[in-house]
Protein chains: 2
Amino acid sequence: MSSPSAQAHRPDPAPIFAALGDGTRLSLLAKLSDGQARSIAALSADTEITRQAVTKHLRVLEDAGLVSSARVGRESRFSFRPEPIAEARSYLDLVSEQWDDALSRLRAFVER
Amino acid sequence: MSSPSAQAHRPDPAPIFAALGDGTRLSLLAKLSDGQARSIAALSADTEITRQAVTKHLRVLEDAGLVSSARVGRESRFSFRPEPIAEARSYLDLVSEQWDDALSRLRAFVER
DNA sequence: GCCATAGGCAACCTCCTGGTTGCTGATACC
DNA sequence: GGTATCAGCAACCAGGAGGTTGCCTATGGC
């Protein structure tokens with residue numbers, strides 16, 4: 001296409017982390033990470049908060065790409081999407097790597 | 001022994017993700033992950049925002065354990081702390097793992 | 001056709017967040 | 001000792017996040 005970059009290789013990871021930065025959303029993700037798609041009602045069943053609040057959290061997760069939704073009959077089925085998790089992981093790897101390299105250089109400098 | 005924390009080794013990862021969920025904080029971390037401790041003034045030098053704003057972000061990072069600060073003379077030197085990164089990574093691994101297991105089970109079920 | 005259930009929409013509320021400005025105290029420098 | 005630099009503190013502000021309630025639409029089951 002006419003898109004300038006050969007590939008949008010590293011989309012800003014901050015929104016993914018932000019989406020993960022809430023306990024309620026983490027537990028929603030934990031439920032969904034078993035591969036089973038679930039309706040909003042099902043996901044709200046054993047929580048303290050209202051269905052509306054759960055819906056909002058699901059929208060946040062969806063905006064971050066962590067879940068996808070599909071309407072099935074009168075239900076909205078949400079399912080887990082692993083890609084952003086991998087992306088977040090690879091960002092953390094990047095940081096750790098930079099840190100490890102810095103340590104190695106420091107050690108090399110001190111020890112020689 | 002009968003202490004409720006038979007495994008205190010998994011403190012809620014949400015605050016860590018929350019701290020990572022901001023572009024400004026990510027770039028502060030990126031700078032610090034080279035192992036060099038830096039003063040607030042140094043870290044504010046090439047940003048758009050004020051020193052005060054940077055200070056607030058640093059406090060957030062510190063609360064999440066991602067950086068530590070030490071007063072040296074009139075400076076507050078901040079340095080990177082890798083532990084929470086590892087923690088966040090291991091949480092992501094947990095989720096991915098659960099997902100992979102679910103996929104395997106599904107595949108086994110379909111293919112037999 | 002009726003009723004129960006699933007869910008979307010909108011308004012509203014409270015508290016937190018990210019940011020600013022202004023001021024003050026402490027340390028370094030010459 | 002005077003001045004410039006580093007940083008902490010407090011007040012303030014706008015907007016967003018998380019949550020609620022009320023109401024309305026659509027679908028499914030009988």
Side-chain angles (χ1 to χ4, degrees), chain A residues 11-32 36-81 84 88, chain B residues 11-32 36-81 84 88:
Chain A
D12 183 10
I16 301 174
F17 288 127
L20 295 173
D22 179 280
T24 305
R25 287 195 289 269
L26 283 187
S27 59
L28 286 173
L29 263 193
K31 287 182 199 172
L32 288 175
Q36 288 246 321
R38 284 170 180 81
S39 70
I40 298 182
L43 288 168
S44 317
D46 54 343
T47 60
E48 301 290 306
I49 62 181
T50 60
R51 172 182 58 86
Q52 287 304 328
V54 171
T55 299
K56 286 193 184 178
H57 283 299
L58 287 171
R59 297 268 170 257
V60 173
L61 289 172
E62 190 172 21
D63 286 347
L66 285 158
V67 302
S68 65
S69 65
R71 193 88 194 217
V72 176
R74 65 180 163 181
E75 299 188 330
S76 255
R77 297 256 178 86
F78 283 80
S79 38
F80 182 73
R81 281 195 61 233
Chain B
D12 183 10
I16 301 175
F17 287 128
L20 295 173
D22 177 282
T24 303
R25 287 196 289 269
L26 282 187
S27 57
L28 286 173
L29 263 193
K31 286 181 199 174
L32 288 175
Q36 286 247 321
R38 285 172 180 81
S39 72
I40 297 181
L43 288 168
S44 316
D46 55 342
T47 59
E48 302 290 306
I49 62 181
T50 60
R51 173 182 58 86
Q52 288 305 328
V54 171
T55 299
K56 286 193 184 179
H57 283 298
L58 286 171
R59 298 267 171 258
V60 173
L61 288 173
E62 191 172 20
D63 287 348
L66 285 157
V67 302
S68 66
S69 65
R71 194 88 194 220
V72 177
R74 67 180 164 182
E75 299 188 328
S76 255
R77 296 258 179 85
F78 283 81
S79 37
F80 182 74
R81 281 195 61 234

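Convention: sequence-line order gives letters A, B, ...; per-chain numbering from 1. Remember, it's a predicted structure, so these values are computed and weren't measured experimentally.
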Rounded to the nearest angstrom, tell me the gap between atom [atom1] in [X] and atom [atom2] in [N].
X: B:Ile49; N: C:dT21; atom1: CD1; atom2: C1'; answer: 15 Å
X: A:Glu48; N: D:dG18; atom1: CD; atom2: P; answer: 18 Å
X: B:Leu61; N: C:dG18; atom1: CG; atom2: P; answer: 10 Å
X: B:Gln52; N: D:dG8; atom1: CD; atom2: C1'; answer: 7 Å
X: B:Lys56; N: C:dG19; atom1: NZ; atom2: P; answer: 9 Å
X: B:Arg51; N: D:dA4; atom1: CZ; atom2: C1'; answer: 14 Å
X: B:Ile40; N: C:dG19; atom1: CD1; atom2: C1'; answer: 16 Å
X: B:Arg77; N: D:dG8; atom1: CZ; atom2: P; answer: 13 Å

Five pairs at each end of the helix from C:dG1-D:dC30 to C:dC30-D:dG1: take the axis at both ends and give me the angle between them to 10°.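 Between the axes fitted at each end of the helix from C:dG1-D:dC30 to C:dC30-D:dG1 lies an angle of 30°.
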
With distance as the sole criterion, do the side chain of B:Arg71 and the base of D:dA7 form a donor-acceptor contact below 3.5 Å?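 A donor-acceptor contact between them is absent.
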
May I ask you to verify if any side-chain N or O of [X] is less than 4.0 angstrom from the OP1 or OP2 atom of [N]?
X: B:Arg74; N: D:dG8; result: no
X: B:His57; N: C:dG19; result: yes
X: B:Arg25; N: C:dG18; result: yes

So, the side chain of B:Arg38 versus the backbone of B:Gln36: is there a donor-acceptor pair under 3.5 Å, distance only? yes

For the student: nearest non-hydrogen atoms of B:Ile16 and B:Ala88, plus distance: CG2-CB, 4.1 Å

Nearest heavy atom decides the nucleotide; on that basis, is A:Thr24 or B:Thr55 closer to the 5' end of DNA chain D?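 Upstream on the strand: B:Thr55.
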
Which part of the nucleic acid, if any, lies within contact of [X], taking any heavy atom under 4.0 Å across all strands shown: a base, the sugar-phosphate backbone alone, or nothing?
X: B:Arg59; value: sugar-phosphate
X: B:Ala41; value: sugar-phosphate
X: A:Glu75; value: sugar-phosphate
X: B:Thr50; value: base

How about B:Lys31 and B:Asp46: do any of their side-chain heavy atoms sit closer than 4.5 Å? yes

With side-chain contact (heavy atoms from CB on, under 4.5 Å) as the test, pick out the partner of B:Arg25 among B:Val60, B:Val67, B:Leu66.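 Going through B:Val60, B:Val67, B:Leu66 one by one, the side-chain contact (heavy atoms from CB on, under 4.5 Å) with B:Arg25 is satisfied by B:Val60 alone.
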
B:His57 NE2 to B:Leu26 CG distance, which is reported to the nearest 0.5 Å: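 Between B:His57 NE2 and B:Leu26 CG, I get 10.5 Å after rounding to 0.5 Å.
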
Interatomic spacing from CZ in A:Arg77 to CG in A:Leu32 - rounded to 0.5 Å: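 Here the interatomic distance stands at 12.0 Å.
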
Just to verify, what does A:Ala53 make a side-chain contact (heavy atoms from CB on, under 4.5 Å) with, not counting sequence neighbours?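 A:Ala53 satisfies side-chain contact (heavy atoms from CB on, under 4.5 Å) with A:Ile49, A:Thr50 once adjacent residues are dropped.
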
